[in-house]
Amino acid sequence: MSVKHNEQAKAILFEKFGFTEYREGQEEAIASALQGNHSLVMLPTGTGKTLCYQLPSYILEGTTLIISPLLSLMEDQVEKMKSNGEKSVVALNSFLTYSEKSQILKRIADYKFVFISPEMLQQSSVIERLKSVMIGLLVVDEAHCISQWGMDFRPDYLKLGEVKSRLGNPLTMALTATAVDKVREEIIKVLDIKDNLNEVIYPVDRPSIQLRIKQCRNNKDEELLSALDELKGPGIIYFTSKRLADKTAELIRAEKGIRAESYHSDLTKEDKRKIQSQFLADKLSIICATSAFGMGIDKPDIRFVIHYHLPGSPEMYLQEIGRCSRDRKGGVALLLYEKGDEGIQIRLQQDSLPDKNELSFAYTHSDKLVHLKEDSKTNISRYFINQKIPLEEAWEKISDYQLNKQYQLRTMIEYAVSTGCRRKILLSYFNEEVAVRLNGCCSSCTESLSLPYSPIEPKKIKQNYEKMWQEKVNLLFNL
DNA sequence: CGATCCGTCATTAATGACGGATCGGTGCCTTAAT
């Protein structure tokens with residue numbers, strides 16, 4: 001960052017955001033953008049990633065376009081910015097009426113910040129309008145969604161590179177909290193930001209979170225309830241089933257008299273918002289949730305995250321447990337594991353990928369594919385057909401994809417059953433080492449874990465990224 | 001894998017036992033036809 005930019009940024013940091021100091025990683029990310037580099041920013045949850053793109057926007061010319069995965073996230077950000085005095089901000093999404101939308105599109109260049117979904121960016125009226133706008137910075141928030149959702153769930157995430165190119169390849173910043181090197185490579189490839197790229201990477205480890213695993217034998221509810229005798233909220237309990245989330249919230253209310261509610265995709269937008277804001281305002285102590293809950297939850301004092309079911313990947317697990325102890329004052333991640341729990345995940349994985357017959361059927365009937373519903377098998381087939389990738393090659397890639405998912409799940413099983421340091425297992429997946437061995441690290445390192453647990457998190461950058469991950473996958477191929 | 005849902009059958013006609021089928025998680029966006 002030039003001296004002039006540096007001073008200017010510092011002044012804005014104070015005037016617009018009220019801070020005198022940067023938090024870890026922020027200054028590097030801001031400098032990267034101001035030097036005109038594309039950036040891939042990976043900072044642990046709760047370290048202020050929004051400032052990384054908002055601050056340089058005030059120095060850069062033109063509009064900042066922020067691609068965001070969730071409408072609720074956009075709405076929260078817009079509201080927050082408005083209450084901080086920023087008027088020139090808008091979210092372009094399906095909450096708007098037709099006339100509102102066209103009004104906003106007409107004067108889109110007047111806005112400094114525009115939030116938008118990947119899907120909305122596929123509408124030709126929108127993209128045509130944006131092409132005539134000077135985009136000073138293109139931001140991809142929660143960029144791991146490209147890899148996590150792109151292939152089977154939200155295919156428009158994989159079209160962001162094309163969008164960027166149609167917008168004239170503006171300066172780009174991708175932000176995430178958890179991405180292994182392979183995911184980062186995919187983000188870089190999809191967005192096509194390899195040239196002039198600056199990676200700002202911080203470790204994913206959260207030493208202030210204690211890692212506990214409880215082996216269960218047909219007594220999960222009892223183990224859960226007794227854990228709640230020790231662990232006091234606010235807290236989140238994650239499930240892989242909506243029905244069980246509902247049922248358990250009821251159980252906790254009845255047995256413990258704790259204010260608990262469930263949260264999943266069956267809830268209306270209004271109920272989701274209501275429960276979320278009650279939780280943030282400490283009117284609810286526990287949320288029993290599916291993976292629908294959490295992104296953008298910025299509550300500093302969540303004290304525990306319990307998993308009733310095994311998550312499908314270390315990424316998911318870290319994202320979910322990372323929601324506790326944002327204030328760094330200590331938190332507990334507890335996994336309730338019973339042999340065979342991985343069955344649900346195996347099933348979900350298999351159901352979401354086409355087998356060879358289904359794929360070749362899609363290839364021979366590609367003309368009809370347009371009319372089919374948007375399930376994940378169709379999405380994947382459609383993706384490869386649209387890319388004009390030959391059938392054999394597509395099948396190879398799907399097999400790789402499946403192997404990767406299996407590897408992720410296998411890591412989680414190892415995490416659940418191993419007798420070795422659990423933090424080491426989790427971090428080695430991200431090619432990280434346990435930086436500081438703390439008393440009470442995990443269920444393996446300390447026989448009987450107890451509260452309080454509030455170590456100081458070290459502030460040390462670590463950047464040795466070998467290609468260990470690829471080696472591990474290669475090993476799996478040979479098995 | 002395991003739970004649960006649904007239809008069928010059998011038997012002191014309204015329940016219950018059985019087995020086969022189905023489902024289990026994430027969200028954008030719907031401007032047309034009754």
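All figures in this text were calculated on a predicted structure; none of them were measured in a lab.
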**Prompt:** Looking at DNA chain B, which of residues 92-100 of chain A put a heavy atom within less than 4.0 Å of it?
**Reply:** N93(A), S94(A), Y98(A)
**Sidechain N-carboxylate O distance under 4.0 Å for K131(A), E128(A)** = yes
**Request:** Have a look at dA17(B) and give me syn or anti from its glycosidic angle (syn if within 90° of zero).
**Result:** anti
**Message:** Any carboxylate oxygen within less than 4.0 angstrom of a Lys/Arg side-chain nitrogen, looking at E338(A) and K220(A)?
**Reply:** no
**Request:** Could you check how far OH of Y337(A) sits from P of dC1(B), rounded to whole Å?
**Result:** 14 Å
**Message:** What is the separation between atom CZ on F115(A) and atom P on dC29(B), rounded to the nearest whole Å?
**Reply:** 15 Å
**Complete:** In short, I425(A) meets E414(A) closest at the heavy-atom pair CD1-O, 4.0 Å
**Electrostatic pair K159(A):D156(A) at N-O distance under 4.0 angstrom** = yes
**Asked** In whole angstroms, how far is the P atom of dG27(B) from the NE2 atom of H144(A)?
**Response** 13 Å
Would you give me the side-chain donor-acceptor pairs under 3.5 Å for residues 221-228 of chain A, sequence neighbours excluded?
unit_1	atom_1	unit_2	atom_2	d
D221(A)	OD1	Y308(A)	OH	2.7
E223(A)	OE2	N219(A)	ND2	3.4
S226(A)	OG	E223(A)	O	3.3

**Request:** Figure out the CG/P separation between N379(A) and dC28(B), and round it to whole Å.
**Result:** 15 Å
**Asked** Between R347(A) and dC23(B), is there a side-chain N or O to OP1/OP2 distance below 4.0 Å?
**Response** no
**Message:** Using every non-hydrogen atom in the two residues, find where L171(A) and G136(A) come nearest and quote the distance to one decimal.
**Reply:** CB-O, 3.6 Å
**Request:** Remember a base hit wins even if backbone is also touched, and classify L244(A) as base, sugar-phosphate or nothing at under 4.0 Å, heavy atoms.
**Result:** nothing
**Item:** Selected nucleotide, minimal atom distance to K272(A) side chain, candidates dG27(B), dC28(B), dG25(B)
**Value:** dG27(B)
**Asked** So, is S241(A) near the phosphate of dA3(B), with a side-chain N or O under 4.0 Å from OP1 or OP2?
**Response** no
**Message:** Could you tell me how far apart D351(A) (CG) and dT22(B) (P) are, to the nearest whole angstrom?
**Reply:** 12 Å
**Asked** Do Y415(A) and Y429(A) make the cut of ring centroids closer than 6.0 angstrom?
**Response** no
**Message:** K242(A): which residues meet the side-chain contact (heavy atoms from CB on, under 4.5 Å) condition with it, sequence neighbours left out?
**Reply:** H264(A), S265(A), D266(A), T290(A)
**Prompt:** Does a side-chain N-to-carboxylate-O contact under 4.0 Å join K377(A) and D355(A)?
**Reply:** no
**Prompt:** How far, in whole Å, is dC28(B) from dG24(B) if one measures between their C1' atoms?
**Reply:** 22 Å
**Syn or anti for dT12(B) (syn when the glycosidic angle lies within 90° of 0)** = anti
**Intra- and inter-strand pairs of DNA chain B in dot-bracket (Watson-Crick or G-U wobble, both distances under 3.5 Å; | for another strand)** = ((((((((((....))))))))))..........
**Asked** Is any side-chain N or O of Q123(A) closer than 4.0 Å to OP1 or OP2 of dT30(B)?
**Response** yes
**Request:** Would you jot down, in residue-number order, the residues of residues 148-157 of chain A having a non-hydrogen atom under 4.0 Å from DNA chain B?
**Result:** W149(A), F153(A), R154(A)
**Prompt:** Among the nucleotides dG27(B), dT30(B), dG25(B), which one has an atom lying closest to any side-chain atom of K101(A)?
**Reply:** dT30(B)
**Request:** Measure the distance from CG on L267(A) to P on dG25(B) and round it to the nearest whole Å.
**Result:** 13 Å
**Message:** K189(A): which residues meet the side-chain contact (heavy atoms from CB on, under 4.5 Å) condition with it, sequence neighbours left out?
**Reply:** none
**Prompt:** Any salt bridge between R303(A) and D301(A), counting N to O under 4.0 Å?
**Reply:** no
**Item:** Where Q215(A) and R422(A) come nearest, the two heavy atoms and their spacing
**Value:** NE2-NH2, 4.0 Å
**Prompt:** Contact class for L70(A) vs. all strands (heavy atom < 4.0 Å): base, sugar-phosphate, or nothing?
**Reply:** sugar-phosphate
**Request:** Provide, to the nearest angstrom, the distance between the CD1 atom belonging to I146(A) and the P atom belonging to dC28(B).
**Result:** 17 Å
**Request:** To the nearest Å, give me how far apart CD (E342(A)) and P (dG2(B)) are.
**Result:** 10 Å
**Message:** Using atom P in both nucleotides, what's the gap between dG27(B) and dA32(B) to the nearest angstrom?
**Reply:** 27 Å
**Prompt:** How would you label the contact of M120(A) with the nucleic acid (heavy atoms, under 4.0 Å): base, sugar-phosphate, or nothing?
**Reply:** sugar-phosphate
**Asked** dG20(B) and dG25(B): how far apart are their P atoms, nearest whole angstrom?
**Response** 25 Å
**Prompt:** Say you pick atom P in dT12(B) and the same atom in dG7(B); how far apart are they, in whole Å?
**Reply:** 25 Å
**Request:** Would you indicate whether F95(A), at its atom CZ, is surrounded by more than 12 heavy atoms from other residues, nucleotides or ligands within a distance under 6.0 Å?
**Result:** yes
**Request:** Please measure how far the C1' atom in dT11(B) lies from the corresponding atom in dG16(B), and state the result in whole Å.
**Result:** 11 Å
**Message:** Judged by each residue's nearest nucleotide on DNA chain B, which is more toward the 5′ side, K339(A) or T240(A)?
**Reply:** K339(A)
**Message:** Under 6.0 Å from the ring centre and within 45 degrees of the ring axis: does the NZ or CZ of K397(A) meet both conditions for the six-membered ring of F384(A)?
**Reply:** no
**Prompt:** Taking atom C1' in both dA13(B) and dT8(B), what distance in whole Å separates the two?
**Reply:** 15 Å
